[in-house]
**Student:** 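Handing you a structure now.
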Amino acid sequence: MAEPSSTAATIATADPPVPATKSWADEADEETNASTAEAETSSVNLEALTIDDKEKNSSKLLDDPDDSNIQAVTSGDTPYTSAARFEDLSLSPELLKGLYVEMKFEKPSKIQAISLPMILSPPNRDLIAQAHNGSGKTTCFVLGMLSRVDPKVQAPQALCICPTRELAIQNIEVLRRMGKYTGIASECLVPLDRDAVHVSKRAPIMAQVVIGTPGTVKKFISFKKLGTTRLRILVFDEADQMLAEDGFRDDSLRIMKDIEKENSKCQVLLFSATFNDTVKNFVSRTVRMDHNKLFVKKEELSLDAVKQYKVYCPDELAKIDVVKDYIFEIGENVGQTIIFVRSKITARLTHEALVKLGYEVTSIQGSLSNEERDKVVKEFKDGLTQVLISTDILARGFDQQQVNLVINYDLPKKYGVRDEPDYEVYLHRVGRAGRFGRKGAVFNLICGELDERLMSKIENHFGTRVTEVRAQSVEEYKAALKEAGLLQ
DNA sequence: CGCGGCG
């Protein structure tokens, strides 16, 4: 988990506050021009500031995850100085011990260096933060939550909402490790088992930090089992999905309002690797006007660390052949593999077909029981299984460093819109490989004209070329993985 | 031709 070094950047403040009439998308477009000037623009440029890595051209790891431009737009006249070391953040000794001893971190990653001062220093403005997949966003908000808790107060003070049960569990596990020496109590509020005690008969939550999924958190709040008056910080992980119209918008806004009602000064943090223009405009209006924001250009969102390929399949059955003849043959040499499918039934059927053919594979999707889901995830995280078939339940946030290969068995498609790929889901899926700047590869299985259109739209959107793997031979796939840096 | 997490 040791992260390569980056130069500390001092973030000066832009003179004029951002006019309310101006949309975030406008700023991003202007910044697209400004950032091409790179190092010369270390001074103030428009409202946005370019934070360049001064060591960009000096010797360092080729796949440094910090080799990126993060654009910062700060509000008001609060100057923020990037934190070169965790010591610069006035964290408690117990928290520092957790970072160094338990997490084995050496220094803040770029997004951590920039966002943590914004989160932790008064007046604790709201923050919208976009950062690359695998760049350490979780550490940002977990550290934010832990360090804003008053250990003397035995009541919920930090709350984090996640889109899936798995992500909530993963996040609380990170929080418990990081906060190991702090004595801070935490609780995970996720869909309960069928035979669990009903919320109305449960004791109120005493834990100081709570992480959960929207429905369950909402339920605990409405039954008055999760008090909101002492909350100081509210985090939405995968915030674009949490605030998307076809996502969890209603639940998220309800939770925000319930908290605001009794507690007007709760800081809100919105974190994600993706914010499309539609949701970008909306999220800016859900937080306070004087919020800060960090964002990156879509072309720079980690699609360069992971090599992309496409394989044309004459029919759906041929997809199974690609998986068994090529992916399984070469896969075991390159680490773990996740195969993403579009529906729960495809997950189950593909799993069954491969097992019938004698391959070792597991699958996960939302209609499995909690126990089954937990078991599959645990086996995969423990490295007991090499290949996992999954719906988009694991597309976002799932952190398993040994995953180097992602298969898009089905391409992600936007719901309701014909011929439109879901660019954000594509990026999140690809982001499951190449964690913390490691090398990775993705194979997109293309079947039919619709898939071809979706694929070319994805290429255009990210401005990347996806190489076709043409010859149907193991050697051809091995060559692709060599090119991706996964094989010798 | 839908994923999730809720009723």
Side-chain angles (χ1 to χ4, degrees), chain A residues 159-171 188-194 196 198-200 210-223 225-226 236-255 258 272 274 276 279 315-316 319 338-350 363-370 372-374 376-377 388-398 406 408-429 431-432 445-454:
Chain A
L159 174 61
C160 171
I161 319 285
C162 315
T164 64
R165 185 174 166 281
E166 279 67 23
L167 194 50
I169 293 170
Q170 180 179 284
N171 284 339
C188 192
L189 293 186
V190 293
L192 311 161
D193 292 317
R194 205 177 290 276
H198 190 262
V199 197
S200 58
V210 174
I211 301 181
T213 48
T216 306
V217 167
K218 214 175 60 172
K219 196 151 82 178
F220 272 76
I221 292 176
S222 64
F223 277 94
K225 301 294 187 180
L226 175 58
F236 287 92
D237 194 8
E238 308 298 343
D240 60 325
Q241 187 189 6
M242 300 307 297
L243 290 166
E245 207 170 0
D246 64 343
F248 296 98
R249 180 179 291 186
D250 292 348
D251 285 346
S252 299
L253 292 179
R254 178 59 187 273
I255 291 168
D258 282 350
S272 184
T274 53
N276 70 34
V279 80
D315 51 47
E316 285 289 324
K319 288 183 175 178
I338 302 181
I339 300 175
F340 283 109
V341 297
R342 195 178 288 150
S343 66
K344 294 188 259 195
I345 191 69
T346 310
R348 189 169 67 82
L349 294 178
T350 311
S363 68
I364 184 168
Q365 34 93 358
S367 58
L368 297 183
S369 70
N370 291 340
E372 288 171 306
R373 286 163 61 157
D374 291 343
V376 170
V377 167
L388 173 59
I389 300 169
S390 174
T391 58
D392 283 325
I393 192 171
L394 295 188
R396 288 168 171 262
F398 183 69
V406 163
N408 281 324
Y409 192 92
D410 301 312
L411 288 176
K413 216 158 65 68
K414 205 156 268 170
Y415 177 67
V417 190
R418 212 177 118 75
D419 286 15
E420 194 67 4
D422 194 322
Y423 303 108
E424 287 69 41
V425 169
Y426 183 83
L427 191 119
H428 282 281
R429 285 181 178 185
R432 293 321 96 210
L445 307 194
I446 311 294
C447 178
E449 285 177 22
L450 172 60
D451 280 354
E452 288 185 42
R453 283 197 294 277
L454 294 176

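A, B, ... follow the sequence lines: proteins, then strands. Residue 1 opens every chain.
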**Student:** Rounded to whole angstroms, how far apart are CG on N408(A) and P on dC3(B)?
**Tutor:** 16 Å
**Student:** Given atom CG of L394(A) and atom P of dG4(B), what is their separation to the nearest angstrom?
**Tutor:** 9 Å
**Student:** Quick one: Q241(A) CD to dC3(B) C1', roughly how many Å, whole number?
**Tutor:** 8 Å
**Student:** Could you tell me whether G247(A) contacts a base, only the sugar-phosphate backbone, or nothing, with contacts defined as non-hydrogen atoms closer than 4.0 Å?
**Tutor:** base
**Student:** Among T216(A), T213(A), D374(A), which one satisfies side-chain hydrogen bond (donor to acceptor under 3.5 Å, both in side chains) with R165(A)?
**Tutor:** D374(A)
**Student:** From the list dC1(B), dG2(B), dG5(B), which nucleotide is the closest neighbour of the side chain of Y415(A)?
**Tutor:** dG2(B)
**Student:** Between dG5(B) and T216(A), is there an OP1 or OP2 to side-chain N/O distance shorter than 4.0 Å?
**Tutor:** no
**Student:** Testing I211(A), V210(A), I221(A) for side chain to side chain contact (heavy atoms under 4.5 Å, CB included) with L189(A), which one passes?
**Tutor:** V210(A)
**Student:** Flag this pair as yes if the NZ/CZ of K225(A) is under 6.0 angstrom from the six-membered ring centre of F220(A) and inside a 45 degree cone about the axis; otherwise no.
**Tutor:** no
**Student:** Write down the distance between CG (D451(A)) and C1' (dC1(B)), rounded to a whole number of angstrom.
**Tutor:** 12 Å
**Student:** Of all the nucleotides listed (dG2(B), dG4(B), dG7(B)), which has the minimum atom distance to the side chain of D246(A)?
**Tutor:** dG2(B)
**Student:** Rounded to the nearest angstrom, tell me the gap between atom NZ in K219(A) and atom P in dG7(B).
**Tutor:** 3 Å
**Student:** Taking the side chain of S343(A) as its heavy atoms from C-beta onward, which of dC1(B), dG5(B), dC3(B) lies nearest to it?
**Tutor:** dC3(B)
**Student:** Just by distance, with hydrogens left out, do D240(A) and N276(A) show a side-chain donor and acceptor under 3.5 Å apart?
**Tutor:** no
**Student:** Separation of R373(A) atom CZ from dC3(B) atom C1', in whole Å?
**Tutor:** 11 Å
**Student:** What is the distance, rounded to the nearest whole Å, between atom CG of L192(A) and atom P of dG5(B)?
**Tutor:** 13 Å
**Student:** In whole angstrom, what separates R453(A)'s CZ from dC1(B)'s C1'?
**Tutor:** 14 Å
